[in-house]
Amino acid sequence: MAKKTFQRPKGTADILPDQVYQWQKIEAVARTLFDRYGFGEIRTPIFENFEVFARSAGDTSDVVTKEMYDFDDKGDRHMALRPEGTAGVVRAYCENKLYGPEHEKPYKVFYMGPMFRYERPQAGRFRQFHQIGAEAFGSNSPALDVEMIAMVVDYLKNLGLKNLTVAINSLGDAQSRAQYRQALIDYLKPHFDELSSDSQIRLEKNPLRVLDSKAPQDQAIVAQAPSILDFLSSSSAEHWQAVQILLDQLNVSYEIDSSMVRGLDYYNDTIFEIMTNDESLSGAATIAGGGRYSGLVEEFGGPATPGVGFAIGVERLLSLLAAQGQLPACQTDVDFYIVNIGDEAQVASLAVTQQLRYLGYKAQRDYLDRSAKAQFKSANRIGARFVITIGASELEKGVVALKNMASGQQHEISLNELAEAVPTIMQAASQGE
RNA sequence: GCGGUAGUGGUGAAGUGGUUAACACACUGGUUUGUGGAUCCAGCAUGCGAGGGUUCGAUCCCCUUCUACCGCCCCA
């Protein structure tokens with residue numbers, strides 16, 4: 001009878017050291033770049049009261065209606081694992097009164113971490129996934145919208161990604177959207193029977209969603225539908241124009257997609273997505289998305305404060321980097337590998353290994369009493385630059401055998417002088433490369 | 001939540017209702033009683049996702065379940 005084994009929960013992943021190395025690289029790039037744009041990192045809880053998400057995302061959004069990873073805790077509180085980052089950040093913004101006069105405006109923060117959505121895993125989609133996101137509060141300036149878009153583009157370029165499309169659209173303000181919504185319904189109603197069954201339901205619940213249906217019969221109808229851009233109020237239209245002008249100024253290329261609708265209900269005015277046409281991510285082409293929202297801070301009890309934000313899907317980003325051959329190379333280089341032969345060499349090899357580490361070098365040794373050959377194989381495999389061999393004969397002479405793995409040359413060096421000699425040895429080896 | 005495909009060792013995989021589950025890579029040991037990317041030799045799945053059932057007998061047939069992958073919905 002085999003022992004009971006365990007599997008990780010559906011839709012989750014173990015991220016092993018070699019991968020974590022890649023993660024840390026792209027996280028580091030984000031940290032330094034976002035810092036340059038004046039964003040500070042914020043860390044909010046991974047779970048919140050269910051209401052925090054329900055209220056922000058909107059009652060008709062799928063995130064709330066069927067994808068929430070929620071549970072009741074031991075105090076009968078209805079909690080939920082965060083499905084996205086914005087709600088928690090807005091909650092923290094209000095709770096910590098970051099709208100206060102002592103804080104610089106706009107108030108800019110970024111975050112990175114796991115998000116949870118209870119859904120069926122598939123390409124680029126997991127139950128636990130990760131986002132790198134940013135939010136800025138307290139300014140209505142279209143320049144801020146543009147800065148957010150530019151920052152994402154800057155970031156992705158820094159990582160070496162190519163062939164990305166920036167799609168933008170405007171959802172207008174509440175008034176614009178209400179008018180458009182009615183116009184859209186008026187247009188779609190006569191075509192009701194031609195729509196896919198999904199879209200027939202959408203028409204009832206959230207007509208804007210019909211716009212990004214993938215069903216061919218829907219797309220044909222949608223193509224003739226009125227555009228929201230024709231329903232923008234004067235202030236929204238002005239904002240929309242300014243965003244385009246500023247993007248042009250920055251030479252950020254973009255496409256206007258008037259049928260783009262984002263999944264969360266809180267957006268208004270500018271929304272954007274960064275998409276790839278890479279086939280490996282065909283079902284999950286959006287690697288980053290965001291937009292402007294107002295009303296959210298108010299909803300959480302703060303003063304009326306506009307916000308803009310975006311989130312990047314880390315798993316999608318990573319798989320796109322892999323597809324484009326841009327994953328940062330994993331460095332496994334080790335400075336020293338200490339080969340020890342025989343019981344009498346154990347103490348000395350431990351001492352030497354530690355000595356080298358104290359000096360700031362990466363040093364590894366064998367713990368399995370393996371043959372010298374096997375130990376050299378390990379040294380070779382992990383890319384050790386030098387091998388130090390310690391056995392009975394070396395101990396007798398008070399020396400250590402030092403071998404340069406690249407040149408194959410080996411010479412003895414006094415155990416006492418090792419610490420002093422190592423820096424020049426390392427330097428000489430680096431110059432020889 | 002719905003639909004499709006799949007699940008054999010550390011990895012990639014072949015395979016059949018019936019005594020020893022190919023092959024390759026990796027790994028370990030040996031050839032060299034203490035020296036690395038080569039050659040050669042040897043070892044390496046009492047088990048074929050899990051649990052039931054059919055059968056004299058199942059990894060191969062049936063059911064259930066879990067997981068992965070792909071698609072819908074939706075989204076990062």
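So you know, we letter chains A, B, ... as the sequences are listed, proteins then strands, and number each from 1. Computed over heavy atoms, backbone and side chain alike; hydrogens, waters and symmetry mates excluded.
Here, B:C60 and B:U35 have their C1' atoms 49 Å apart, quoted to the whole Å.
You won't find any donor-acceptor pair under 3.5 Å spanning the side chain of A:Arg120 and the base of B:C73, going by distance alone. Residue A:Gln375 places no side-chain atom within donor-acceptor reach of the base of B:U35, judged by atom type and a 3.5 Å distance cut-off alone.
For A:Glu119, taking side-chain heavy atoms from C-beta onward, the closest of the listed nucleotides B:C69, B:A76, B:G29 is B:A76. Closest to the A:Ser371 side chain, of the nucleotides B:C66, B:A76, B:G30, is B:G30.
Outside the 6.0 Å centre-distance limit, the rings of A:Tyr107 and A:Phe137 are not counted as a close aromatic pair.
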| query | Would you write out the dot-bracket form of RNA chain B, 5' to 3', with Watson-Crick and G-U pairs under 3.5 Å, [ ] for crossing pairs, | for pairs to other strands and . for unpaired bases? | reply | ((((((((.[[[..)..(....]]].((((.........)))).....[[[[[..)....]]]]])))))))....

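For A:His191, the ring pair (Phe, Tyr, Trp, His ring centres under 6.0 Å) partners at least two apart in sequence or on another chain are A:Tyr187.
For the contact set between residues 386-407 of chain A and RNA chain B, defined by any heavy atom under 4.0 Å, the members are A:Thr389, A:Gly391, A:Ala392, A:Ser393, A:Glu394, A:Lys403, A:Met405.
A donor atom on one side chain and an acceptor atom on the other are not found under 3.5 Å apart for A:Asn404 and A:Gln410.
Rounded to whole Å, the distance from CG on A:Asn380 to C1' on B:A38 is 12 Å.
Phosphate contact (OP1/OP2 of B:U28, side-chain N/O of A:Arg370, threshold under 4.0 Å): present. Between B:U28 and A:Arg381, a contact under 4.0 Å exists linking OP1 or OP2 to a side-chain N or O.
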